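Accompanying notes for the structure given below.
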There are 2 protein chains.
Amino acid sequence: MTLSKAASEFIVHWGEMGSRWGVNRTVAQVHALLYLSAGPLTAEEIAETLAVARSNVSTSLHELQNWQLVRATHLLGDRRDFFSTSHDVWQLFFTVLEQRVEREIEPTIAALGRLAVEARAEKRTDVTARIASMHAFLQEMHGWYQQMSKLPPSTLRSLVSLGSSITKWLPIRRKAKGEK
Amino acid sequence: MTLSKAASEFIVHWGEMGSRWGVNRTVAQVHALLYLSAGPLTAEEIAETLAVARSNVSTSLHELQNWQLVRATHLLGDRRDFFSTSHDVWQLFFTVLEQRVEREIEPTIAALGRLAVEARAEKRTDVTARIASMHAFLQEMHGWYQQMSKLPPSTLRSLVSLGSSITKWLPIRRKAKGEK
DNA sequence: CTGTAAGTTCAGTATAAACAGAAAGTACAG
DNA sequence: CTGTACTTTCTGTTTATACTGAACTTACAG
């Protein structure tokens, strides 16, 4: 399979973006290719198109499957695995978000909770306060994320398209005297 | 300066988190140290505390200053630079967000805009649609981000603590017949 | 069984990034 | 000026990770 110029540039750019966000370049490129592809592809096709080793594609596809971003499908009378990803960008976004929250944010919150207790035991008041602030912040954001993730996608999209005009609907909140 | 166990673990964890999100480990550790520190520190102190080369600290501090996360201050009669960062987690979060949006998201949106035009010219209808969807998604999120970033911090924090209950305040929205 | 096509795992190599240490630069005190 | 304290820049080395190619495994057709 040969790529159009635009497709190829898209894939290259996606690979670079991946690198900047801690995602393996090949993994990101494989995902980008599947995203652009009209139908499922075999590992062989992916390796040829991206000009990387078959083994590298195998590993990357496993990684993407672990991230729940790619799934394998089969054709009657064909032993090969066919791989595909969602074309729904919102869904992709939430999958990645969900995975990163689960793998990185939640363990970090747990760790900070422990560290705050530890710091307090060490009587380092300032350090304790700093760790606790970070912990509280992550917990608050996480709580918000969890509530948002439970809303139906259509509501979520409405909230995003409303933007800051959402504040118009809220009960009026004014700063009390002396409140900073 | 010697670190308490909790402080040291916090810094190590922060360094690891940095790595996973495409931030240099030392850069993340220096920032974590400054975050925990009650007052400004010299590069020398930072290098000793983290046990890394002075030159590495110098580079990392420059990087952090480019990211607007750290600033240098001075003491009368002291030629050394003293470095510090905000202790306000929300502010730190928004600074990082702002920088990453500026450096990565905005250029990506621009690139996708160009690629969508290019794909259309190549008459690759499916690829065009896929690139355009990604472009539209990023634009929508970016628009939302921009509006949110203009709200006063207190309003923003209220929105986060409201969570999904915000939907209660919205004009009732029901799915029209046949709407999916 | 045997051969072939597909998929996976593994060991070694290559690459890019991080890092240290040395060298150079800068600012100022005396 | 000269020496010292501090900072930056540069070069070579180290390290971590990505990646390849080969060996190995599995499944199945003939």
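A, B, ... follow the sequence lines: proteins, then strands. Residue 1 opens every chain. Just so it is clear, the structure is predicted and the values come from calculations on it, not from any experiment.
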Between [N] atom [atom2] and [X] atom [atom1], what is the distance in whole Å?
X: B:H62; N: D:dC10; atom1: NE2; atom2: C1'; answer: 14 Å
X: B:L50; N: C:dA18; atom1: CG; atom2: P; answer: 16 Å
X: B:E44; N: D:dT8; atom1: CD; atom2: P; answer: 13 Å
X: A:F82; N: C:dA5; atom1: CZ; atom2: P; answer: 16 Å
X: B:E45; N: D:dT7; atom1: CD; atom2: C1'; answer: 15 Å
X: B:H74; N: D:dT7; atom1: NE2; atom2: C1'; answer: 11 Å
X: A:N66; N: C:dT8; atom1: CG; atom2: C1'; answer: 14 Å
X: A:R20; N: C:dA16; atom1: CZ; atom2: P; answer: 16 Å

Side chains of residues 22-33 of chain B: which donor-acceptor partners sit under 3.5 Å, not counting sequence neighbours?
from: B:N24; atom 1: OD1; to: B:T26; atom 2: N; distance (Å): 2.8
from: B:N24; atom 1: OD1; to: B:V27; atom 2: N; distance (Å): 3.1
from: B:T26; atom 1: OG1; to: B:N56; atom 2: ND2; distance (Å): 3.4
from: B:H31; atom 1: NE2; to: B:T85; atom 2: OG1; distance (Å): 3.0

How long is the span from the CD atom in B:E48 to the OG1 atom in B:T42, to the nearest 0.5 Å? 7.5 Å
Per the salt bridge (Lys or Arg N to Asp or Glu O under 4.0 Å) rule, what does the pair list look like for [range], sequence neighbours excluded?
range: residues 87-96 of chain B; result: none
range: residues 106-118 of chain B; result: A:K5-B:E118
range: residues 31-44 of chain A; result: A:E44-A:R54

Please name the pair of heavy atoms, one in A:R130 and one in B:S37, separated by the smallest distance, quoted to 0.1 Å. NH1-O, 3.2 Å
Tightest non-hydrogen contact, residues A:R103 and A:N66, listed as NH2-O, 3.3 Å
Please state whether the rings of A:F10 and A:W14 are parallel, tilted or perpendicular, taking 30° and 60° as the class boundaries. parallel
With distance as the sole criterion, is a donor-acceptor pair present between the side chains of A:H13 and B:T108 under 3.5 Å? yes
Write down the protein N/O and nucleotide N/O pairs, taken from nucleotides 13-20 of chain D, whose separation is under 3.5 Å; answer none if there are no such pairs.
from: D:dA18; atom 1: OP1; to: A:N24; atom 2: ND2; distance (Å): 3.4
from: D:dA18; atom 1: O5'; to: A:N24; atom 2: ND2; distance (Å): 3.2
from: D:dC19; atom 1: OP1; to: A:R25; atom 2: NH2; distance (Å): 3.0
from: D:dC19; atom 1: OP1; to: A:T26; atom 2: OG1; distance (Å): 3.1
from: D:dC19; atom 1: OP2; to: A:N24; atom 2: OD1; distance (Å): 3.0
from: D:dC19; atom 1: OP2; to: A:N24; atom 2: ND2; distance (Å): 3.3
from: D:dC19; atom 1: OP2; to: A:T26; atom 2: OG1; distance (Å): 2.5
from: D:dT20; atom 1: OP2; to: A:A53; atom 2: N; distance (Å): 2.8
from: D:dT20; atom 1: OP2; to: A:N56; atom 2: ND2; distance (Å): 3.0

Give each protein N/O atom lying under 3.5 Å from an N/O atom of nucleotides 27-30 of chain C, with the pair distance.
from: C:dA27; atom 1: N3; to: B:R79; atom 2: NH2; distance (Å): 3.1

Establish, with yes or no, whether the OP1 or OP2 oxygen of D:dT7 is under 4.0 angstrom from a side-chain nitrogen or oxygen of B:S58. no
